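The block underneath contains the structure these notes are about, expressed in structure tokens.
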Amino acid sequence: MTIAKTYSPKEAEDKWYNYWLQHNFFRSVPDEREPYTIVIPPPNVTGVLHMGHMLNNTIQDVLIRRARMKGKNACWVPGTDHASIATEAKVVAMLKERGINKKDLTREEFLKYAWEWKEKYGGIILEQLKKLGASCDWERTKFTMDDDMSEAVIDYFVRLHKKGLIYRGVRMINWDPQGKTAVSDEEVIRKEVNQKLYYIRYALSPESKAESLKSASDSELATSDFITIATTRPETIMADAAICINPNDERYLHLHGKSVFIPLINREIPVILDEYVTMDFGTGCLKVTPAHDLNDYALGQKHNLQIIDILNDDGTLNEKAQILVGEDRFAARKKIAVLLEEAGSLAKSEDYTSQIGVSERTGAAIEPKLSMQWFCKMKEMAQPALDYVLEGDVKLIPDKFINTYRHWMENVRDWNISRQLWWGQRIPAYYLPNGEFVVAKTIEEALEEAKQTNPQLTLADLRQEEDVLDTWFSSGLWPISVFDGVRNPDNAEINYYYPTNDLVTAPEILFFWVARMIMSGHELRNQKPFTNVYLTGIVRDKLGRKMSKQLGNSPDPIELMGKYGADGVRVGMLMCSPAGNDLMFDESYCEQGRNFANKIWNAFKLIQGWAVDSSLTNNNKIAIEWFDSRFNQAMAQIEEDFKQYRLSEALMATYKLVWDDFCAWYLEMVKPVYQAGAEKQSIDAETYAATIGFFQNILKALHPFMPFLTEELWHDELFGEREALDCVIVAQLPQIGEISTQLIAEIEIAQQVVAQVRNIRNSKQLSPKEALPLAVKANSGVDYIKYQPIIKHLGNISDFNIVNEAVAGAVSFIAGTDEFYVTLNIEIDVVAETERLQKEKTYLEGFLRAVNGKLGNEKFMANAKPEIVENELKKKADAESKLNTVEEALRNLAC
RNA sequence: GGGAGCUUAGCUCAGCUGGUUCAGAGCAUCUGCCUUACAAGCAGAGGGUCACUGGUUCGAACCCAGUAGCUCCCA
């Protein structure tokens, strides 16, 4: 391999991704190994890759690659969902550009265009995932509207309907006037908006007026002539069915049993009494509009009020409004305010902020609307789905989401599953001429069933429901349907892969999706769909704002990978992503990732420059033994981090192992002194072999995080000839070997010594090239002779002596509990040195006091666990020993 | 309005069962270095009243109560 100075990811990425594909490394088929399965949260087929996907899929890829390297049969199933509202909206827009109006098309014609659109743009996001390195089994790619997937959805619908879990009914639903469809409660986003609160006068009817004269209070809100209501929606007054007041409201006692006229259209409506009305909001008089408000609807039901729906499906006013017919609801609001003003019915208007619901998909203000819809009963389905989580069969990571989950599941309302769209699975309900319907998988089966009540019926008499099912209804089956487990519940694949292991998704869709998969898993298989749900945070910019197209604060993932390399971006994403917490993303994390890749590249370059000289003996036995221990220690730590899904910590442990332990210490310990003129630097055979072995293990440890760089280096000739299938992607992670904690601890002291010497050089402005003499007066059991070569080499020490007495006139420092002396050729600043030592002495004395305080405290001795007491005793001994050393050093300085 | 969570260094976060020489990491900052792997680097350093107030305890970043600020979910 030719040696570039820096790692350039571009070629490596394309090369190795294709290589992996060619050799089927992502492919999984059931075998005798333990399966490890992840199903991708299917991205919206209309989508393009954003930072949320990057995070989500990086995590999945790390998990799946690691599983593969642990000998599991790793299967990551990719795919997309059909996103009915979003996709239909895009197709409608596309048609509009071509001058085609959806209304002029039949359902079949429209679907043809929609599929055409899907074929053209639908695969983009999956292609983008490949750039990231996603090791999905692409042969398994699924789309929620594939024939088999749709069939599963229909089967499931029929099944739930048979069990009485699906019903049809009139309900107040969330209507999206732009998408012209109902949306579920979960798809409505609450938004704070500035509105106006209009105060409108309703005239009392003549007989009401005559009577009320007697009892009228002097309230200006309700004189003998009118009462005033406050509303944010004056355009709906034409749909009013009553005015409601609180029976306890003393201001309005005179209105009990009276009636009033709606302004402008002069329709008479009753005044009703209900404690529901808040007396201190607005005027205490509430206009009741059952067709256009959820609460008013309930009130209307209770008081048996008329329902007048004055809105069309697109949000314009219909004839029932009598005035402003054909105007959009928002235009009508402005116009009616003017009309009311002119009519003298508008008392005043004031600014008011309140929350309104907007459609998650189209952004349109949601219109509460009465409509016949299909519903899925949630109570029965929610209970077992809640139990899976509460009993720990399904683990939410982090577990703080259990509370949220429980709260939602315990307060869940029936799920509106019908959508007034064409793009999706059409509900398999068939209406008979008499208005009844049958639910069946096909029209033929429906006819069979219908014939049981009316044998005369033919296919032509049946009319299929126009609505399609909510996309979540199909994605709720995802972990089962991708393995064909709905249609063929006992097939080999579903039995092998299901339940899946880990699901990686966003907390935002805990209910939309996660809960519903648990429900369908329970319903269809009496099993959980997955064991662990890893909930990622939302990717925000460094100001904490959610990344969005409108703000333009989201970097383009593809450009980002071009700039920092896929590995760099993966590292960058993971570095700042503790589970369940939002991450404040900043490009500098990717930069750090890129720098890390470069560091590894250069460490490799160093080793590449070595050549074995068999005449040399191995002087690096301790270094080798030490790094071996450190490596094993780190691997154990990383294993633990993964068990707890602390991915960012696992990455950081790997990062430090490579950068600090391997590059900064190990390589510096063993690296041959530069031999001028030599093409390669001579090194003994044992050190060379050990180092290459370490490097290879490091590549394995790094691979899940940085697949491309590691694969690139894995195939270098440095490691000898490789078989075609000998790739790090399928290499097995090293077994965790023995860890000598003593060796690690002692090397740590040696490292401290080296750092202190360097520090002295630095602070005295001495050149690193100037070798210094060092002496140690050891109280501890550390065998410094053993570490002498390392300390001498790394600290650039001329002589390293072990002494029994303090060295006069030297700068001293403490490492561990031992005192070290560096003799300098320059005058020692006695004052500064004394001050430094004095400071240390004060600290140690304080520390010792605290420890002695504890040990002298009867309650502490009585209550603390024995090992804690023992520890305190050790602290005491150590501190006393150090204090002696410092005091001695001070005495030395004084003379 | 109801519920949940968060607040630790300039930034992003660890800190497990209250007890290690426990106040940590990475980045950023500062100082000195173009030292034959790497300036995308090396060597070293500084930086925190653990949001605030009280309580429990021999001992509190950690447990409890209250206060403030922030975030999310539901209505």
Side-chain angles (χ1 to χ4, degrees), chain A residues 3 5-7 185-186 190 278 294-295 355 398 400-408 411-413 507-508 510-511 537-538 540 542 544 564 568 575-578 580-586 588-589 591-610 640-641 644 646 648-649 651-653 655-656 659 663-664 667-668 671 673-676 678 681 754-763 765-769 794 796 816-817 843-844 847-848 850-851 853-865 867-872 874-875 878-879 882:
Chain A
I3 312 171
K5 196 171 180 187
T6 53
Y7 168 58
D185 293 339
E186 289 73 37
R190 306 240 151 223
T278 316
L294 186 58
N295 296 315
Q355 294 211 317
K400 68 176 178 184
F401 287 106
I402 294 174
N403 274 333
T404 323
Y405 183 79
R406 176 178 35 211
H407 186 257
W408 190 79
N411 296 287
V412 67
R413 294 192 297 176
E508 304 160 299
L510 193 53
F511 315 123
I538 297 166
R540 298 175 179 278
K542 62 176 170 184
Y564 301 104
M575 201 104 73
C576 59
S577 63
N581 282 347
D582 289 358
L583 53 125
M584 308 301 160
F585 179 80
D586 188 79
S588 64
Y589 288 108
E591 198 182 330
Q592 199 182 341
R594 179 202 59 181
N595 293 355
F596 184 40
N598 195 45
K599 183 74 189 176
I600 299 160
W601 178 261
N602 276 291
F604 185 81
K605 244 178 71 181
L606 174 69
I607 299 170
Q608 239 182 357
W610 296 347
E640 190 56 33
D641 287 337
Q644 297 180 51
R646 300 171 170 199
S648 56
E649 306 237 338
L651 171 59
M652 188 46 71
Y655 180 91
K656 285 196 276 195
W659 200 307
C663 294
L667 288 179
E668 292 300 333
K671 144 173 150 184
V673 189
Y674 182 67
Q675 299 134 32
Q681 307 299 308
V754 171
Q756 289 278 20
V757 173
R758 286 169 175 169
N759 188 17
I760 288 168
R761 243 195 219 100
N762 224 337
S763 61
Q765 309 213 342
L766 300 172
S767 160
K769 287 173 185 156
L794 296 182
N796 193 15
T817 54
Y843 169 80
L844 284 168
F847 181 79
L848 197 56
V851 174
K854 276 191 195 177
L855 290 169
N857 185 323
E858 280 173 34
K859 286 192 175 169
F860 173 78
M861 299 306 280
N863 292 329
K865 283 177 258 171
E867 60 266 30
I868 303 237
V869 176
E870 204 172 306
N871 207 1
E872 292 301 316
K874 184 176 180 297
K875 278 157 72 175
D878 283 357
K882 278 191 191 180

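By convention in this document, chain letters (A, B, ...) are assigned in the order of the sequence lines, proteins followed by strands, and residues within each chain are numbered from 1. As the structure is a prediction and not an experimental result, all values here were calculated from the model.
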Secondary structure of RNA chain B in dot-bracket form (Watson-Crick or G-U wobble, distances below 3.5 Å, | marking inter-strand pairs): (((((((..((((.....[....)))).(((((.......))))).....(((((..]....)))))))))))).

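Closest contact between the side chain of A/Lys605 and the listed nucleotides B/C42, B/C38, B/C74 involves B/C38. Each of B/U12, B/C42, B/G19 was ranked by its minimum atom distance to the side chain of A/Tyr589; first place goes to B/U12. Set against B/A37, B/C74, B/A40, the side chain of A/Asn595 has B/A40 as its closest nucleotide. Side-chain proximity of A/Lys854 to B/A75, B/G19, B/A45: nearest is B/G19. Of the candidates B/A45, B/C58, B/U71, B/C58 carries the atom nearest the A/Phe860 side chain, counting heavy atoms from C-beta on. Closest to the A/Ile868 side chain, of the nucleotides B/U20, B/A75, B/G19, is B/G19.
For B/U20, the OP1/OP2 oxygens have no side-chain nitrogen or oxygen of A/Lys874 closer than 4.0 Å. OP1 or OP2 of B/C42 has at least one side-chain nitrogen or oxygen of A/Trp659 nearer than 4.0 Å. Of the side-chain N and O atoms in A/Tyr655, one or more sit less than 4.0 angstrom from OP1 or OP2 of B/C27. A sub-4.0 Å separation between OP1 or OP2 of B/A39 and a side-chain N or O of A/Lys5 is present.
Among the heavy atoms of the strands, none lies under 4.0 Å from A/Phe596. The residue A/Asp878 sits close to a base: some heavy atom pair falls under 4.0 Å. Here A/Asn762 lies in heavy-atom contact (under 4.0 Å) with a base. Note on A/Asn598: a base of the nucleic acid sits closer than 4.0 angstrom, heavy atoms only. The residue A/Arg646 sits close only to the backbone: its heavy atoms come under 4.0 Å of sugar-phosphate atoms, none of a base. Using a 4.0 Å heavy-atom cutoff across all strands shown, A/Asn403 reaches sugar-phosphate atoms only and no base atom. Residue contacts for A/Trp610: at a heavy-atom cut-off of 4.0 Å it reaches no nucleic acid atom on any strand shown. Using a 4.0 Å heavy-atom criterion, one finds that A/Ala862 contacts no nucleic acid atom at all.
A distance of about 43 Å separates the P atoms of B/C70 and B/G32, rounded to the whole Å. A distance of about 32 Å separates the C1' atoms of B/U12 and B/G59, rounded to the whole Å. Taking the P atoms as reference points, B/G24 lies 12 Å from B/G47, given to the whole Å. Comparing B/U17 with B/G66, their C1' atoms are spaced 27 Å from each other, to the whole Å. Nucleotides B/A68 and B/A9 have their P atoms positioned 22 Å apart, rounded to a whole Å. Here the separation of B/G55 from B/A61, taken at their P atoms, is 15 Å to the nearest Å. As rounded to the nearest Å, B/C34 and B/A25 have C1' atoms that lie 30 Å from one another. Comparing the C1' positions of B/A65 and B/A23 gives a spacing of 25 Å, expressed to the nearest Å.
Counting only distance, with no hydrogens or angles, the side chain of A/Asp641 and the backbone of A/Arg646 share no donor-acceptor pair below 3.5 Å. A donor-acceptor pair is defined here as one N or O able to donate and one able to accept, closer than 3.5 Å; no such pair exists between the side chain of A/Glu858 and the backbone of A/Gly856. Looking only at distances, no side-chain donor or acceptor of A/Asn857 sits under 3.5 Å from a matching main-chain atom of A/Gly853. When atom types are taken as modelled, the side chain of A/Glu668 and the backbone of A/Leu794 share no donor-acceptor pair closer than 3.5 angstrom. In terms of modelled atom types and a separation under 3.5 Å, the side chain of A/Asn759 and the main chain of A/Ala755 share no donor-acceptor contact. Using modelled atom types, no side-chain atom of A/Asn602 and backbone atom of A/Thr6 make a donor-acceptor pair closer than 3.5 Å.
The 5' end of RNA chain B is approached more closely, in terms of each residue's nearest nucleotide, by A/Thr6 than by the other of A/Glu508 and A/Thr6. For the pair A/Asn871 and A/Ala603, nearest-nucleotide mapping onto RNA chain B gives the more 5' position to A/Asn871.
Between A/Phe585 and A/Tyr589, the ring planes lie tilted relative to each other; the angle falls in the 30° to 60° range.
Residue-to-nucleotide contacts include a donor-acceptor pair under 3.5 Å from the side chain of A/Lys599 to the base of B/C38. For B/A37, its base sits under 3.5 Å from the side chain of A/Glu668 at one donor and acceptor pair at least.
Residue A/Leu667 contributes atom CG, which lies 19 Å from atom P of B/U35 at whole-angstrom precision. As rounded to whole Å, 14 Å separates atom P of B/C38 from atom CH2 of A/Trp601. Atom CD1 of A/Ile600 is separated from atom P of B/G41 by 12 Å (rounded to the nearest Å). Here B/U35 presents its P atom at 19 Å from CD of A/Gln675, a figure rounded to the nearest Å. Taking atom CZ on A/Arg758 and atom C1' on B/A43, their separation rounds to 6 Å, with Å as the unit. As rounded to whole Å, 17 Å separates atom P of B/A43 from atom CD1 of A/Ile760. Atom NZ of A/Lys859 is separated from atom C1' of B/A60 by 17 Å (rounded to the nearest Å). Regarding A/Leu606, its CG atom lies at a distance of 16 Å from the P atom of B/U35, rounded to whole Å.
Residues A/Lys882 and A/Asp878 are not paired through a salt bridge, judged by the lack of any N-O separation under 4.0 Å between the basic side chain and the carboxylate.
The distance from atom NZ of A/Lys656 to atom SG of A/Cys663, rounded to the nearest 0.5 Å, is 15.0 Å.
Within a 6.0 Å sphere centred on CD of A/Glu870, other residues, nucleotides and ligands contribute 12 heavy atoms or fewer.
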